[in-house]
Peer 1: 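Structure provided below as structure tokens; questions to follow.
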Amino acid sequence: MKELEERILKDGIVLDGGVLSVGGFLNQQIDTGLLSRMAEEVRRLFADAVVTKVLTVEASGIAIAIAVATAFGVPAVFAKKSMTSNIVGDVYSSSVHSFTHNRDYRMTVPKRFLSPLDHILIVDDFLANGAALQGLISIVKESGASLAGAAVEIEKGFQGGGDLIRASGVRVESLAILDSMEQGKLVFRS
Ligand code: G4P
């Protein structure tokens with residue numbers, strides 16, 4: 001998506017350790033116009049798919065998940081990263097090792113939010129090594145729902161997570177794919 005690539009070039013900040021900060025327009029402060037246009041683009045890309053729910057994981061995936069769910073007119077569900085007292089009943093869960101943050105966590109979704117009749121579109125802000133996406137895919141499989149695919153705002157293609165997941169047969173659409181961020185120079189996949 002040209003507009004997103006241009007915005008990343010203008011306002012993205014490359015930090016040490018191969019991390020791209022987009023806190024000024026995608027993560028912490030959100031450009032709501034851009035958010036809606038990205039959601040419409042995801043809707044266009046998955047126009048041929050049946051989608052009954054959009055699934056993401058807290059925290060920064062929630063904004064784009066709500067926008068995409070609104071575009072499809074379906075509910076948005078997010079996995080929590082910790083068991084809290086307000087989670088009621090049985091849960092689907094998956095343990096995830098985040099390479100980016102070098103920590104392990106367990107993501108959970110109450111069973112009553114996903115059913116075998118659902119067609120799930122997974123949405124997230126970043127796709128790096130793909131641990132978060134793999135965790136969400138595993139939860140969808142466990143629930144017996146169909147997986148329509150996954151849509152992410154920014155894929156760090158050079159970390160390989162997206163291509164690995166595509167090779168497993170899952171449809172992954174990314175609005176911007178970075179092939180390199182070396183020496184602060186951003187190169188997008190054409
Ligand atoms: P991983 O396997 O390498 O850990 O990557 P994964 O694709 O699962 O993404 C893990 C987390 O790292 C995600 O956040 C993702 O948003 C974030 N992330 C990865 N690379 C970057 C980057 O270059 N810039 C930014 N801003 N975030 C990145 P999370 O652990 O789910 O946490 P949260 O931020 O959503 O709370």
Side-chain angles (χ1 to χ4, degrees), residues 1 4-5 7-31 34-35 38-39 42 54-69 76-84 87 92-109 120-141 147 149-168 170-189:
M1 186 181 172
L4 177 59
E5 290 183 359
R7 190 62 181 273
I8 293 168
L9 288 174
K10 183 168 163 278
D11 292 331
I13 301 167
V14 180
L15 305 176
D16 288 346
V19 171
L20 176 68
S21 169
V22 290
F25 59 105
L26 284 189
N27 282 161
Q28 192 155 9
Q29 168 172 273
I30 296 166
D31 180 331
L34 175 62
L35 186 74
M38 289 190 296
V42 173
V54 168
L55 176 67
T56 192
V57 55
E58 64 177 351
S60 52
I62 294 177
I64 184 65
I66 290 174
V68 170
V77 177
F78 65 89
K80 291 201 175 189
K81 286 181 179 165
S82 58
M83 285 298 283
T84 52
I87 294 182
Y92 297 116
S93 75
S94 175
S95 109
V96 175
H97 174 76
S98 169
F99 296 94
T100 306
H101 299 300
N102 192 24
R103 67 185 166 112
D104 296 297
Y105 64 90
R106 178 160 287 276
M107 56 168 76
T108 57
V109 178
I120 307 295
L121 176 60
I122 296 174
V123 170
D124 211 349
D125 59 338
F126 268 91
L127 170 54
N129 292 287
L133 204 49
Q134 300 271 22
L136 290 169
I137 291 168
S138 148
I139 282 178
V140 172
K141 283 190 179 149
L147 181 60
V152 301
E153 294 175 320
I154 302 174
E155 175 176 343
K156 289 155 82 187
F158 54 91
Q159 288 188 230
D163 290 334
L164 210 66
I165 293 167
R166 287 185 187 95
S168 75
V170 175
R171 178 175 176 191
V172 180
E173 302 279 3
S174 301
L175 300 183
I177 303 181
L178 276 163
D179 267 339
S180 155
M181 293 200 324
E182 272 163 41
Q183 280 140 23
K185 186 173 160 12
L186 300 174
V187 180
F188 291 101
R189 192 174 295 181

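Counting convention: from 1, in listed order, for ligands and their atoms alike. Residue numbers count from 1 along this sequence.
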Peer 1: Purely on distance, is any nitrogen or oxygen of F99 under 3.5 Å from one on ligand 1?
Peer 2: yes
Peer 1: May I ask you to identify, for D125, whether its side chain, its backbone, both or neither come under 4.0 Å of ligand 1 on a heavy-atom basis?
Peer 2: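 The answer is the side chain.
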Peer 1: Counting only heavy atoms closer than 4.0 Å, does ligand 1 sit against the backbone of L133, its side chain, both, or neither?
Peer 2: neither
Peer 1: So is G130 polar-close to ligand 1, meaning N/O to N/O under 3.5 Å?
Peer 2: yes
Peer 1: Among G160, G17, S98, which one puts a heavy atom closest to atom 10 (C) of ligand 1?
Peer 2: S98
Peer 1: Identify the residue among V109, V57, I120, V96 that makes a side-chain contact (heavy atoms from CB on, under 4.5 Å) with L136.
Peer 2: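 With L136 as partner, V109, V57, I120, V96 yield a single side-chain contact (heavy atoms from CB on, under 4.5 Å), made by V57.
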Peer 1: Looking only at protein heavy atoms, which one is nearest to atom 31 (O) of ligand 1, and how far off is it?
Peer 2: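 Here the nearest protein heavy atom works out to K81 NZ, 3.0 Å.
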Peer 1: What residue and heavy atom of the protein are closest to atom 33 (P) of ligand 1, and at what distance?
Peer 2: S60 OG, 3.4 Å
Peer 1: Quick one: look up the protein heavy atom nearest atom 15 (C) of ligand 1 and list residue, atom name and how far away it is.
Peer 2: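 Scanning the protein heavy atoms, the shortest distance from atom 15 (C) of ligand 1 goes to F126 CB, 3.6 Å.
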Peer 1: Check whether any side-chain heavy atom of L186 lies under 4.5 Å from a side-chain heavy atom of L9, and answer yes or no.
Peer 2: yes
Peer 1: Which atom names give the shortest non-hydrogen contact between T56 and A65, and what distance separates them?
Peer 2: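 That would be CG2-CB, 3.5 Å.
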Peer 1: May I ask you to list the atoms of ligand 1 that are less than 4.0 angstrom from any heavy atom of L127?
Peer 2: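 Ligand 1 atoms under the 4.0 Å threshold to L127: 7 (O).
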Peer 1: Using every non-hydrogen atom in the two residues, find where G12 and F25 come nearest and quote the distance to one decimal.
Peer 2: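 Scanning both residues completely, I find the closest heavy atoms to be N-CE2, 4.0 Å.
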Peer 1: Between L26 and L34, is there a side-chain heavy-atom distance shorter than 4.5 Å?
Peer 2: yes
Peer 1: Nearest protein heavy-atom contact for atom 3 (O) of ligand 1: which residue, which atom, what distance?
Peer 2: N129 ND2, 2.5 Å
Peer 1: Stepwise, does the salt bridge (Lys or Arg N to Asp or Glu O under 4.0 Å) test hold for R189 with D163?
Peer 2: CA-CA 13 Å; R189 192 174 295 181; D163 290 334; 3.6 Å; yes
Peer 1: Of the protein's non-hydrogen atoms, which lies at the shortest distance from atom 19 (C) of ligand 1, and what is that distance?
Peer 2: T100 OG1, 3.4 Å
Peer 1: So, for S21 and L15, which heavy atoms are closest and what is the spacing to 0.1 Å?
Peer 2: CB-CD1, 3.9 Å
Peer 1: So which atom in G149 and which in L121 form the shortest heavy-atom distance, rounded to 0.1 Å?
Peer 2: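 Looks like O-CD1, 3.4 Å.
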Peer 1: I need the minimum non-hydrogen distance between L35 and A67, along with the two atoms involved.
Peer 2: CG-CB, 3.8 Å
Peer 1: Is atom 13 (C) of ligand 1 near the protein, in the sense that some protein heavy atom lies at less than 4.0 Å from it?
Peer 2: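 Answer no: nothing from the protein, no heavy atom, is under 4.0 Å.
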Peer 1: Short list, please: which atoms of ligand 1 are under 4.0 Å from a heavy atom of V19?
Peer 2: 22 (C), 23 (O), 24 (N)
Peer 1: Looking at V54, I62, L55, which one forms a side-chain contact (heavy atoms from CB on, under 4.5 Å) with F78?
Peer 2: I62
Peer 1: Which atoms of ligand 1 have any heavy atom of N27 under 4.0 Å away?
Peer 2: 26 (N)
Peer 1: Considering only the protein, which heavy-atom contact is closest to atom 20 (N) of ligand 1, and what is its distance?
Peer 2: K156 NZ, 3.0 Å
Peer 1: Starting from atom 8 (O) of ligand 1, locate the nearest protein heavy atom and write down its residue, its atom name and how far away it is, to 0.1 Å.
Peer 2: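 The protein heavy atom lying closest is A132 N, 2.8 Å.
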Peer 1: How far is atom 26 (N) of ligand 1 from its nearest protein heavy atom, and which residue and atom is that?
Peer 2: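 Atom 26 (N) of ligand 1 sits closest to the protein heavy atom L20 O, 3.2 Å.
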Peer 1: Would you say I154 and L20 make side-chain contact, with heavy atoms under 4.5 Å?
Peer 2: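 They are in contact (side-chain heavy atoms under 4.5 Å apart), so the answer is yes.
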Peer 1: Please check whether A128 reaches ligand 1 - meaning an N/O of the residue sits under 3.5 Å from an N/O of the ligand, judged on distance alone.
Peer 2: yes
